[in-house]
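Chain letters run A, B, ... following the sequence lines, proteins first, then strands; residues in each count from 1.
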2 protein chains.
Amino acid sequence: MVERKPTIIDVARAAGASIKTVSRVMNNERYVSAETRERVMKAMVELKFQPNRSAQSLKGDRSYLIAHIYGDPGGPYTGEIQIGLLRHCRSEGYHLLIEEIDYSAADVAERVHNLVHQLSLDGVVLTAPVTDNDEVLRMLSEADIPHVRITPAVERADSASVRIDERAAAADITLHLLAFGHRRIGFIKGLPNHAGTDLRYGGYCDALREYGLEPDEEIVEQGGFTYRSSLAPARRLLTLKNPPTAIFASNDEMAAGVLSVAHDRGLSLPTDLSVVGFDDIQLSEMVWPPLTTVRQPIQDMADAAAELLIAMLAHRRQPDGPKPAPHRVLPHNVVIRRSTAPPSRR
Amino acid sequence: MVERKPTIIDVARAAGASIKTVSRVMNNERYVSAETRERVMKAMVELKFQPNRSAQSLKGDRSYLIAHIYGDPGGPYTGEIQIGLLRHCRSEGYHLLIEEIDYSAADVAERVHNLVHQLSLDGVVLTAPVTDNDEVLRMLSEADIPHVRITPAVERADSASVRIDERAAAADITLHLLAFGHRRIGFIKGLPNHAGTDLRYGGYCDALREYGLEPDEEIVEQGGFTYRSSLAPARRLLTLKNPPTAIFASNDEMAAGVLSVAHDRGLSLPTDLSVVGFDDIQLSEMVWPPLTTVRQPIQDMADAAAELLIAMLAHRRQPDGPKPAPHRVLPHNVVIRRSTAPPSRR
DNA sequence: CAAGGAAATGATAACGTTGTCATATGTATT
DNA sequence: AATACATATGACAACGTTATCATTTCCTTG
């Protein structure tokens with residue numbers, strides 16, 4: 001019943017070759033005659049041979065293991081990242097570990113280091129906000145651990161990254177509101193230590209200035225990127241004597257919070273209030289009205305990150321091959337749904 | 001810079017003991033004097049020694065690797081499962097791999113088998129609908145692979161499981177609607193090959209019968225557990241000559257779809273239509289009105305599954321220890337939010 | 001006090017792969 | 001024909017751990 005898994009030795013025996021030759025075939029090395037290669041391949045197929053990853057990684061070569069390291073407690077964004085990563089990993093024979101890490105701990109860098117070495121990880125993909133912890137980045141660089149960051153933050157020479165231009169994106173969607181005629185646009189910021197927070201706010205300011213407006217502190221609130229964190233700020237904005245006619249929440253979860261508060265106050269949407277978010281997660285079209293938002297191609301970004309990382313790994317094994325470009329900026333676009341409309345006149 | 005990681009040999013040297021003794025200390029084996037144990041421990045701490053997982057798993061003992069295997073393309077449910085799994089894995093030193101698998105492929109069982117052996121996985125956690133694939137279950141049982149299923153389906157002697165009583169839960173929430181006075185309650189079913197689908201529908205029927213009603217085919221629709229899959233069914237229900245006054249969607253994502261269709265048709269909620277879902281995912285309170293639903297403690301269930309699996313692994317290593325109970329049924333409860341109200345009279 | 005057994009420890013093989021090195025063969029260059 | 005060099009192959013060590021078995025020490029028991 002419990003048939004032992006065939007090893008490279010069984011294959012060698014079946015093919016009438018040495019284990020080293022089998023190894024050569026497996027790894028597509030040079031110096032194997034076409035004829036021998038054929039024989040070995042056939043034996044592998046017949047025995048349904050699959051190399052043992054533990055043995056491979058013990059030799060220090062590779063584990064086919066990649067980890068997604070994130071600090072976010074597991075919101076919808078993280079989920080979509082994983083879908084994208086998985087998509088690419090599978091097709092390349094890599095496997096994905098997920099590791100939540102407390103990015104505020106004193107020894108984050110050491111923990112990541114241990115993780116990588118204990119499990120002989122081939123590389124890691126980081127998402128914000130771990131992406132912007134200096135200690136972690138220095139460690140990764142010094143320990144020469146292949147990694148890709150998915151972050152809007154400024155590019156670094158010593159680490160690969162994938163991003164969209166968040167500042168421009170935030171400006172674009174603000175311009176959409178301005179074009180509709182909104183002049184009093186509230187803003188809900190994200191978490192302070194998050195690279196996207198300032199960029200999104202910056203883009204919002206850029207757009208306002210383009211229309212000759214200055215951001216008004218009174219209608220800029222602080223949120224925390226979660227649904228709940230936007231409820232109080234939204235309530236404050238909507239109870240102002242002179243409330244905004246539109247609100248730009250720094251991500252879709254918070255925008256959903258704004259919608260709820262608005263519904264609760266009996267506003268009719270989008271007539272009484274336009275709302276926009278950022279990210280275009282799955283949630284965005286499940287709320288009412290469906291959110292106008294900036295589409296950040298999250299899954300594609302994750303896919304690209306995985307692709308980049310795997311290319312880096314290949315290059316590391318065969319340094320004569322093409323060196324992958326270390327940074328990728330993907331296009332974003334404004335997705336107009338039904339949560340935005342021209343302001344109603346008073 | 002790139003200091004080599006210390007191995008068991010370094011520790012042995014530092015402690016003035018043999019590697020086998022160090023191994024004994026690491027694995028809490030008998031026959032080590034308190035004094036020696038002390039010395040070894042000290043050396044391990046000083047050198048920041050961490051055992052190499054690849055070497056451990058090559059010896060066939062354990063890899064500290066667990067996989068979550070799922071067929072769902074990655075909806076919110078899957079995400080919450082992973083949060084729960086992770087919570088428990090971390091605290092026990094296990095790591096989590098996520099593997100999406102095409103559950104309709106002819107060779108699912110073989111793929112799972114390969115996965116486990118290639119990566120020397122210690123065990124797997126399955127979520128629906130892979131949980132109810134006979135071939136996979138038989139293989140797991142025959143190959144003696146530790147596993148836990150998170151599924152409402154009938155319990156099997158040869159595999160551990162975690163679930164809630166979905167039939168009772170579905171009846172409970174239907175009773176909530178009936179108690180409000182609803183007598184014409186539409187239903188949207190889930191995917192046919194999913195164990196929960198029939199149970200939830202069954203519970204709905206049970207409750208109706210308790211009120212002396214028979215399910216009416218005209219207001220029972222087929223969905224697919226996704227937001228989009230519920231749009232057409234909801235539209236059909238709401239355009240009937242005699243539309244239902246309430247709709248029970250088999251999960252929250254589909255309930256969100258019903259809400260959207262209702263909003264779109266200008267209904268005011270919950271006055272014109274009550275809507276309930278099932279699961280209580282994060283989404284449930286982000287839509288408007290927040291969904292009345294059955295709280296399935298997804299994260300806790302996943303946590304319990306991880307706990308159970310790890311207990312099974314411990315028992316397997318020390319068969320004299322307590323044998324963990326193979327099945328757990330967690331409590332559910334109806335969460336009443338604002339998507340339900342008595343029917344408005346005509 | 002001899003004998004027997006438990007407790008404590010270590011030398012060495014084994015897990016399944018890849019890397020190093022040696023060797024054998026073929027083929028081009030002098 | 002002698003040399004050089006690329007191609008093709010295999011024997012064996014190595015990776016870091018655990019398991020087997022042997023050995024030493026200590027305590028108990030008649």
Side-chain angles (χ1 to χ4, degrees), chain A residues 4-40 43-44 47-65 93 114 116-120 122 313 316-318, chain B residues 4-41 43-44 47-65 93 114 116-120 122 316-318:
Chain A
R4 219 173 37 71
K5 275 249 128 184
T7 75
I8 197 174
I9 299 179
D10 301 316
V11 176
R13 191 157 20 216
S18 71
I19 56 172
K20 181 60 206 183
T21 299
V22 177
S23 171
R24 284 196 184 91
V25 173
M26 279 171 43
N27 297 291
N28 268 312
E29 287 174 32
R30 303 168 51 185
Y31 302 144
V32 182
S33 68
E35 186 193 9
T36 309
R37 171 161 278 136
E38 195 77 13
R39 253 185 13 256
V40 171
M44 293 202 294
L47 296 178
K48 296 186 181 174
F49 169 75
Q50 309 247 189
N52 179 307
R53 301 291 190 209
S54 301
Q56 288 184 320
S57 73
L58 179 56
K59 279 302 295 180
D61 205 37
R62 66 211 126 143
S63 60
Y64 282 100
L65 254 34
N114 284 342
V116 172
H117 278 278
Q118 262 206 350
L119 300 177
S120 317
D122 283 354
L313 297 174
R316 168 175 293 236
R317 194 162 308 117
Q318 308 213 329
Chain B
R4 219 172 38 71
K5 274 249 129 182
T7 75
I8 197 175
I9 299 178
D10 301 317
V11 176
R13 189 157 23 216
S18 72
I19 57 172
K20 179 59 205 180
T21 299
V22 176
S23 170
R24 284 197 183 88
V25 173
M26 278 171 41
N27 297 290
N28 268 312
E29 286 175 33
R30 303 167 51 185
Y31 301 144
V32 182
S33 68
E35 185 193 10
T36 309
R37 171 161 278 137
E38 195 78 13
R39 253 187 11 255
V40 171
M41 298 276 244
M44 292 203 294
L47 297 178
K48 295 187 183 174
F49 169 74
Q50 310 247 188
N52 180 305
R53 300 292 189 210
S54 300
Q56 288 184 319
S57 72
L58 179 56
K59 278 302 294 178
D61 207 39
R62 67 210 124 146
S63 60
Y64 283 100
L65 252 36
N114 283 343
V116 172
H117 278 278
Q118 262 204 352
L119 300 176
S120 317
D122 284 353
R316 168 175 294 237
R317 193 163 307 116
Q318 307 212 330

- Query: Is there a donor on the side chain of B/Lys20 or the base of C/dA11 sitting less than 3.5 Å from an acceptor on the other?
  - Reply: no
- Message: Taking atom types as they are modelled, would you say the side chain of B/Arg24 forms a donor-acceptor pair with the base of C/dG10 within the 3.5 Å cutoff?
- Response: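 Looking at the base of C/dG10, it does pair with a donor or acceptor on the side chain of B/Arg24 (distance under 3.5 Å).
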Can you see if the side chain of [X] gets near the phosphate of [N] - specifically, an N or O under 4.0 Å from OP1 or OP2?
{"X": "A/Arg53", "N": "C/dT17", "result": "no"}
{"X": "B/Thr21", "N": "C/dG10", "result": "yes"}
{"X": "B/Ser23", "N": "D/dT18", "result": "yes"}
{"X": "B/Ser54", "N": "D/dG16", "result": "no"}

Taking atom [atom2] of [N] as reference, at what distance in whole Å does atom [atom1] of [X] sit?
{"X": "B/Ile19", "N": "C/dA14", "atom1": "CD1", "atom2": "P", "value": "15 Å"}
{"X": "A/Arg30", "N": "C/dG19", "atom1": "CZ", "atom2": "P", "value": "15 Å"}
{"X": "B/Leu58", "N": "C/dA14", "atom1": "CG", "atom2": "C1'", "value": "9 Å"}
{"X": "B/Lys5", "N": "D/dC15", "atom1": "NZ", "atom2": "P", "value": "17 Å"}
{"X": "A/Tyr64", "N": "C/dT17", "atom1": "OH", "atom2": "P", "value": "13 Å"}
{"X": "A/Ile9", "N": "C/dT17", "atom1": "CD1", "atom2": "P", "value": "8 Å"}
{"X": "A/Leu119", "N": "D/dC15", "atom1": "CG", "atom2": "P", "value": "21 Å"}
{"X": "A/Met44", "N": "C/dG16", "atom1": "CE", "atom2": "P", "value": "17 Å"}

Would the distance check show the side chain of [X] and the main-chain N or O of [Y] forming a donor-acceptor pair, the cut-off being under 3.5 Å?
{"X": "A/Asn52", "Y": "A/Ser54", "result": "yes"}
{"X": "A/Ser63", "Y": "A/Ser120", "result": "yes"}
{"X": "A/Arg53", "Y": "B/Gln118", "result": "no"}

Of all the nucleotides listed ([options]), which has the minimum atom distance to the side chain of [X]?
{"X": "A/Gln56", "options": "D/dT18, C/dC15, C/dT18", "result": "C/dT18"}
{"X": "B/Lys59", "options": "D/dA19, C/dT17, D/dT7", "result": "D/dA19"}
{"X": "A/Asn52", "options": "D/dT17, C/dG16, D/dA6", "result": "C/dG16"}
{"X": "A/Ser18", "options": "C/dA8, D/dG10, D/dG16", "result": "D/dG10"}
{"X": "B/Thr7", "options": "D/dG16, C/dG10, D/dT7", "result": "D/dG16"}

- Task: Select base, sugar-phosphate, or nothing to describe what A/Thr36 touches, counting heavy atoms under 4.0 Å on all strands.
- Result: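 A/Thr36: backbone/sugar contact only, no base atoms under 4.0 Å.
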- Message: Please report the interatomic distance CG(B/Leu119) to CG(A/Leu65), rounded to the nearest 0.5 Å.
- Response: 6.5 Å
- Side-chain contact test, heavy atoms from C-beta onward, threshold under 4.5 Å: evaluate it for B/Thr36 versus B/Arg24 and give yes or no.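 No, every pair of side-chain atoms sits at 4.5 Å or beyond.
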- Item | Heavy-atom side-chain contact between A/Arg316 and A/Arg62 under 4.5 Å | no
- Item | Upstream residue (5' side of DNA chain D) when B/Gln50 and A/Tyr31 are each assigned their closest nucleotide | A/Tyr31
